[in-house]
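Notes follow the structure.
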2 protein chains.
Amino acid sequence: MKNSIRDNEQRKAGIPTIKRLPQYLRILKDLEKQDVETVSTTFLAQELNIEPIVVRKDIASTGAEGKPRIGFTTKEAIKKIEHFLGWDNVTEAFLVGAGNLGSALMGYQGFQNHGLKIIAAFDKDDKKIGQEIHGIKVLSMEKLPNLAKRMHIHIGVICVDAEHAQEVSDIMVEAGIKAIWNFTPVKLKTPDDVVSQKEDLSSGLAVLSVKLASKLGFVDIEEV
Amino acid sequence: MKNSIRDNEQRKAGIPTIKRLPQYLRILKDLEKQDVETVSTTFLAQELNIEPIVVRKDIASTGAEGKPRIGFTTKEAIKKIEHFLGWDNVTEAFLVGAGNLGSALMGYQGFQNHGLKIIAAFDKDDKKIGQEIHGIKVLSMEKLPNLAKRMHIHIGVICVDAEHAQEVSDIMVEAGIKAIWNFTPVKLKTPDDVVSQKEDLSSGLAVLSVKLASKLGFVDIEEV
DNA sequence: TAGATTGTTAATCGATTAACAATC
DNA sequence: TAGATTGTTAATCGATTAACAATC
């Protein structure tokens, strides 16, 4: 008997859809806690201030099926979304750069609900090596390659300064890491079989700046 | 004489364009440091691994003008982008939630190059109040409303737990803050004249997860 | 049954990509 | 001059929105 990792029919989902899925997941889990057994896309849409049809299409792309007049089973929707995102299994990851941001990420418990567990951190600063931050050991950079290979680590998180980002990325790739979560503003150059996702605060700030400016209104100013 | 805040002709730019602008800015500033006087969109595109036409349209939307065969003046392009984003003036901001992430953000010097200066932090934890983190004082939440009004603060950064996000947002809005940079996964409910931008790590992680899965390939598994 | 909600099919909108004339 | 690059206009693509039949 054949068994696909992706059980039921799953359609392709675009990036916008993928980005919205965690939002639904968060609300659904809240509802689950409150023992709410079914939920309509209308409700989810209201909570997130988006159109119901968007939610319907997004959820549908995970393979979840609803019942007219009733909606989706909370538990099933959660299961489908988590499975779609691959969050039903926790993957172990290495983090490089135990600075302010790196430490904050290590301290964030929520990632385990998102399929990610940071199990070791690496730094080149001797003062940090040997320390334990939020229960995670900080090791010497030199140990990364062997350890990554031995433990079959596939995900790396980069929190170093921009100038060292590419260097760290190269080491990770060489060590067999296949997915890089990049918290620097640098566009990493990686081989085709390695994926990377840039978490760029400056782009979010740019959007906020422009939104604010357009709200305040670019009124003409009368000079004296 | 009339004088518009937006000097030359500037066209509307979509969100994708706005998000890319900081990336160009970063490279342009690097080039400026190296005394490179002109730059072509072809070069920028190569650096970022995107199509030249995208860069050309994006830069054009800021009002910068290039010369055929030569490209854009580095300094002018920087000036236009910064102006477009409103990053040529530094705006003071308040941050609420001096936890791991909040502290990391306070420690990040780069925001000043992006028009943002966090000048005070607020927390409800007595142990944190009175402390100074990365040179920024942590004050009692109760002081926020008056201080924000008195200092005409328009930007707020929220780094509290999800469950307190809406509450903090309400306080900020009441205090006259017009733009909220939201680091919680909660969709904030704000009045029409207040803008907010959510910085959602889980959506980035979702994209990375799906990218990785599709790279690894959803191979069929043969059961025993 | 009645009607809220799903899921499908079509229409609209906006962003990306392509083609090409203008020009330094 | 020749040709790289800009900037404009048109074509393509994908995502959002709209319309509506199916159904619990």
Side-chain angles (χ1 to χ4, degrees), chain A residues 8-21 23-24 27-28 31 36-77 80-81 84 203 206-207 210-211 214, chain B residues 8-21 23-24 27-28 31 36-77 80-81 84 203 206-207 210-211 214:
Chain A
N8 306 4
E9 355 70 58
Q10 261 180 183
R11 297 133 203 207
K12 270 175 202 152
I15 302 280
T17 293
I18 295 168
K19 288 193 169 178
R20 283 187 297 261
L21 290 176
Q23 306 186 44
Y24 307 140
I27 297 174
L28 288 167
L31 294 173
V36 179
E37 298 204 342
T38 60
V39 57
S40 72
T41 53
T42 320
F43 176 81
L44 289 173
Q46 259 177 347
E47 287 292 301
L48 294 167
N49 205 24
I50 56 179
E51 295 300 315
I53 181 68
V54 174
V55 184
R56 247 182 294 158
K57 292 227 161 170
D58 287 347
I59 304 257
S61 66
T62 68
E65 279 166 18
K67 285 207 178 75
R69 170 99 205 169
I70 293 165
F72 294 80
T73 310
T74 313
K75 277 186 203 300
E76 196 213 333
K80 291 287 185 178
I81 294 175
F84 184 88
S203 71
V207 175
V210 174
K211 275 187 193 166
S214 73
Chain B
N8 306 5
E9 355 69 60
Q10 259 179 187
R11 296 130 204 210
K12 270 175 203 154
I15 302 281
T17 293
I18 294 167
K19 288 193 169 181
R20 283 187 297 261
L21 290 177
Q23 306 186 45
Y24 307 140
I27 298 174
L28 289 167
L31 294 174
V36 178
E37 299 203 343
T38 61
V39 58
S40 71
T41 53
T42 320
F43 176 81
L44 289 173
Q46 259 177 348
E47 287 292 302
L48 294 167
N49 205 22
I50 57 178
E51 296 299 316
I53 180 69
V54 174
V55 184
R56 247 182 294 159
K57 292 228 164 170
D58 288 348
I59 304 257
S61 68
T62 68
E65 279 167 17
K67 285 205 180 76
R69 170 99 205 168
I70 292 165
F72 294 80
T73 310
T74 313
K75 277 186 203 302
E76 196 213 333
K80 291 287 185 177
I81 294 175
F84 183 88
S203 71
V207 175
V210 173
K211 275 189 194 166
S214 73

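A, B, ... follow the sequence lines: proteins, then strands. Residue 1 opens every chain. Values below: every heavy atom of this structure, side chains too, minus hydrogens, waters and symmetry copies.
Set against C:dT6, D:dG3, C:dT23, the side chain of B:Pro68 has C:dT23 as its closest nucleotide. Distance from the side chain of A:Pro16 is smallest for D:dA15 among the nucleotides C:dA15, C:dT23, D:dA15.
Using a 4.5 Å cut-off on side-chain heavy atoms (C-beta onward), B:Phe72 and B:Leu44 make no contact. Between A:Tyr24 and A:Leu48, the closest side-chain pair of non-hydrogen atoms falls below 4.5 Å.
The separation between B:Arg56 atom CZ and C:dA21 atom P is 15 Å, rounded to whole Å. If you take CD1 of B:Ile59 and P of D:dT6, they are 9 Å apart, rounded to a whole angstrom. Between the CD1 atom of A:Ile70 and the P atom of D:dC24 there is a distance of 9 Å, given to the nearest Å. The interatomic distance linking B:Ile53 (CD1) with D:dA11 (P) rounds to 15 Å, in whole Å. Rounded to whole Å, atom P of C:dG14 lies 21 Å from atom CD1 of A:Ile15. To the nearest angstrom, P of D:dG14 lies 14 Å from CD1 of A:Ile18. Rounded to a whole Å, the NZ atom of B:Lys12 is 14 Å from the P atom of C:dC13. With rounding to whole Å, B:Leu48 atom CG is found 16 Å from C:dT16 atom C1'.
In terms of heavy atoms, B:Ile81 sits closest to B:Ile59 at CD1-CD1, 4.2 Å. Across A:Ala64 and A:Ala77, no two heavy atoms sit closer than the pair CB-CA, 4.4 Å. Between A:Thr38 and A:Thr74 the shortest heavy-atom distance is N-OG1, 3.5 Å.
Judged by Watson-Crick or G-U wobble contacts below 3.5 Å, the nucleotide D:dC20 has C:dG7 as its partner. Within the shown strands, C:dA15 is the pairing partner of D:dT12 under the Watson-Crick or G-U definition, both distances less than 3.5 Å.
Remark: A:Arg20 is in phosphate contact with D:dT16, judged by side-chain N or O atoms under 4.0 Å from OP1 or OP2. For A:Thr41, no side-chain nitrogen or oxygen approaches OP1 or OP2 of C:dT5 to under 4.0 Å.
Comparing A:Arg69 and B:Gly71 by the nucleotide of DNA chain D whose heavy atom lies nearest to each, the residue mapping closer to the 5' end is B:Gly71. Closest-nucleotide positions on DNA chain C for B:Val54 and B:Lys67 were compared, and the one nearer the 5' end corresponds to B:Val54.
Between the side chain of B:Lys57 and the base of D:dT8 there is no donor-acceptor pair of N/O atoms closer than 3.5 Å.
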